[in-house]
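Encoded as structure tokens, the structure appears first; notes follow it.
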Amino acid sequence: LPFPAAANLLPGAEQKVVFITARVHPGETPSSFVCQGIIDFLVSHHPIAKVLRDHLVFKIAPMLNPDGVYLGNYRCSLMGFDLNRHWANPSPWAHPTLHGVKELIIDMYNNPKINLEFYIDIHAHSTMMNGFMYGNIFEDEERFQRQAVFPKLLCQNAEDFSYSSTSFNRDAVKAGTGRRFLGGLLNDTSYCYTLEVSFYSYVLAGTAPAVPYTEEAYMKLGRNVARTFLDYYRLNSLVEGPLAPTPK
């Protein structure tokens with residue numbers, strides 16, 4: 001059955017937006033499974049998903065590099081560009097997906113009815129284990145501390161997410177990434193992250209053997225990312241009945 005339109009989707013309504021992108025590097029296939037987990041959960045009949053749809057607007061671009069994926073490239077687009085280094089000045093001809101997404105984000109940023117509160121770009125990592133995040137460094141200490149809240153909450157929800165591997169940086173080589181560029185563009189109530197997940201395995205706290213990632217485990221991380229917004233916005237009391245577990 002179709003879902004009734006949430007009040008925050010009606011014309012003129014104020015919106016809190018979470019913007020999620022994935023697969024800017026075509027070889028990082030785990031990012032697609034994590035993104036699939038987020039999408040499947042958000043459109044489900046799960047009571048947490050219903051509360052999230054009622055209070056937040058999720059904008060998701062699940063594949064920023066479709067031509068690179070089609071060609072089987074590891075990192076570049078059809079034109080040979082690492083798209084995640086061209087956010088500062090994307091060309092509508094050479095980097096059309098980035099240009100379109102950036103235009104949409106800027107339009108939302110300039111709309112007084114829209115609060116763009118989160119930007120999360122999903123990647124896969126070839127040497128690190130577990131899921132973890134990269135965030136930005138700010139001179140404002142209070143803003144810097146607030147930025148740590150979401151990954152700390154995610155660490156509580158996802159057994160494979162590592163807060164100890166999460167780091168905040170401003171490396172010059174990363175200046176053209178979505179996380180860095182949008183972190184400098186958006187205001188101090190917006191949070192921009194790169195969500196990384198290992199290509200191969202994760203280690204649970206207090207255990208030694210590594211657990212191989214599966215497609216389902218990646219999607220489970222995506223579901224846990226989605227439900228963490230419930231904790232972040234303290235919407236738990238709005239869930240009808242006992243708090244239902246995330247689907248296995």
Side-chain angles (χ1 to χ4, degrees), residues 17-39 58-65 68-69 74-77 81-88 90 95 97-98 101-102 105 116-138 143-155 157-158 160-186 188 190-200 202 213 218 221-222 224-226 228-229 232:
V17 172
V18 175
F19 206 107
I20 297 171
T21 56
R23 210 71 186 275
V24 71
H25 290 144
E28 297 176 6
T29 51
S31 67
S32 284
F33 293 116
V34 174
C35 192
Q36 186 69 48
I38 293 173
I39 294 170
F58 290 85
K59 303 277 189 181
I60 301 176
M63 189 173 286
L64 287 178
N65 198 338
V69 170
Y74 179 69
R75 196 166 178 87
C76 295
S77 65
F81 291 108
D82 180 343
L83 296 182
N84 205 36
R85 297 296 183 270
H86 289 275
W87 278 92
H95 326 107
T97 53
L98 256 60
V101 169
K102 181 180 174 183
I105 289 174
L116 182 52
E117 307 216 331
F118 282 89
Y119 171 76
I120 300 176
D121 189 27
I122 309 173
H123 288 250
H125 205 283
S126 59
T127 60
M128 301 278 284
M129 289 196 288
N130 294 63
F132 58 95
M133 280 179 150
Y134 291 128
N136 295 315
I137 292 177
F138 302 106
R143 182 185 184 188
F144 182 67
Q145 296 294 336
R146 278 189 282 119
Q147 184 186 214
V149 172
F150 187 86
K152 285 182 176 178
L153 291 172
L154 178 54
C155 190
N157 287 332
D160 59 318
F161 183 85
S162 170
Y163 185 76
S164 62
S165 294
T166 293
S167 65
F168 304 92
N169 62 65
R170 55 161 62 127
D171 300 345
V173 70
K174 300 290 184 69
T177 64
R179 183 252 312 177
R180 282 288 305 280
F181 175 75
L182 294 172
L185 171 71
L186 304 176
D188 62 2
S190 302
Y191 303 102
C192 299
Y193 303 97
T194 300
L195 172 63
E196 297 272 3
V197 63
S198 173
F199 268 104
Y200 52 100
Y202 58 95
Y213 264 114
Y218 288 130
L221 177 60
N224 284 325
V225 169
T228 298
F229 288 103
Y232 181 84

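Predicted model, so just to flag it, every value in this text is computed and none were measured.
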Inset, instruction - Report yes or no: does Tyr218 contribute a side-chain atom to a donor-acceptor pair with the main-chain N or O of Gly37 at less than 3.5 Å? - result: no
Inset, instruction - For the residue pair Tyr191 and Tyr232, categorise the inter-ring angle as parallel (less than 30°), tilted (30 to 60°) or perpendicular (more than 60°). - result: perpendicular
Inset, instruction - Measure up the Tyr119 and Trp87 rings against each other and bin them: parallel (under 30°), tilted (30 to 60°), perpendicular (over 60°). - result: perpendicular
Inset, instruction - Report yes or no: does His25 contribute a side-chain atom to a donor-acceptor pair with the main-chain N or O of Gly27 at less than 3.5 Å? - result: no
Legend entry - Glu28 side chain reached by Arg75 side chain, heavy atoms, under 4.5 Å: yes
Legend entry - Output field: ring centroids Tyr134/His123 closer than 6.0 Å: no
Inset, instruction - Quick one: pull up CE in Met133 and CG in Leu195 and give me the separation to the nearest 0.5 Å. - result: 5.0 Å
Legend entry - Considering all heavy atoms, the nearest Tyr213-Gly131 contact: OH-N, 3.6 Å
Legend entry - pair Val24-Leu98: side-chain heavy atoms closer than 4.5 Å: yes
Legend entry - Contact summary for Cys76 and Pro26, nearest pair of heavy atoms: O-CG, 3.5 Å
Legend entry - Asn84 side chain near Asp121 side chain, heavy-atom distance below 4.5 Å: yes
Legend entry - Where Pro30 and Val197 come nearest, the two heavy atoms and their spacing: CB-CG1, 3.9 Å
Inset, instruction - Establish, yes or no, whether a centroid distance under 6.0 Å links the rings of Phe150 and Phe229. - result: yes
Legend entry - Reported NZ-to-OG1 distance for the pair Lys152 and Thr166, which is rounded to 0.5 angstrom: 10.5 Å
Legend entry - Nearest-0.5 Å distance that lies between atom OH in Tyr193 and atom CZ in Phe132: 15.5 Å
Inset, instruction - Please examine the side chains of Thr97 and Asn65, heavy atoms only from C-beta on, and report whether any two atoms are closer than 4.5 Å. - result: no
Inset, instruction - May I ask you to test the Pro151-Phe161 pair for a side-chain heavy-atom distance under 4.5 Å? - result: yes
Legend entry - Closest contact, heavy atoms only, Thr29 versus Phe199: N-CE2, 4.4 Å
Inset, instruction - Evaluate the side-chain proximity of Ile38 to Ile122: yes if any heavy-atom separation is below 4.5 Å, no if none is. - result: yes
Legend entry - side chain to side chain contact (heavy atoms under 4.5 Å, CB included) involving Tyr200 - partner list, sequence neighbours excluded: Met129, Ser198
Legend entry - Donor-acceptor contact below 3.5 Å, side chain Lys59 vs main chain Thr21: no
Inset, instruction - Mind checking the NE2-CZ spacing from His86 to Phe81? Nearest 0.5 Å is all I need. - result: 5.5 Å
Legend entry - Value rounded to 0.5 Å, distance of OG in Ser190 from CD1 in Ile105: 10.0 Å
Inset, instruction - Only counting residues at least two apart or in another chain, list the ones meeting side chain to side chain contact (heavy atoms under 4.5 Å, CB included) with Ser162. - result: Asn130, Ser164, Ser165
Inset, instruction - Taking Ser31 for its side chain and Ala22 for its backbone only, find out whether a donor-acceptor pair lies under 3.5 Å. - result: no
Legend entry - Value rounded to 0.5 Å, distance of CD1 in Ile60 from CD1 in Ile39: 4.5 Å
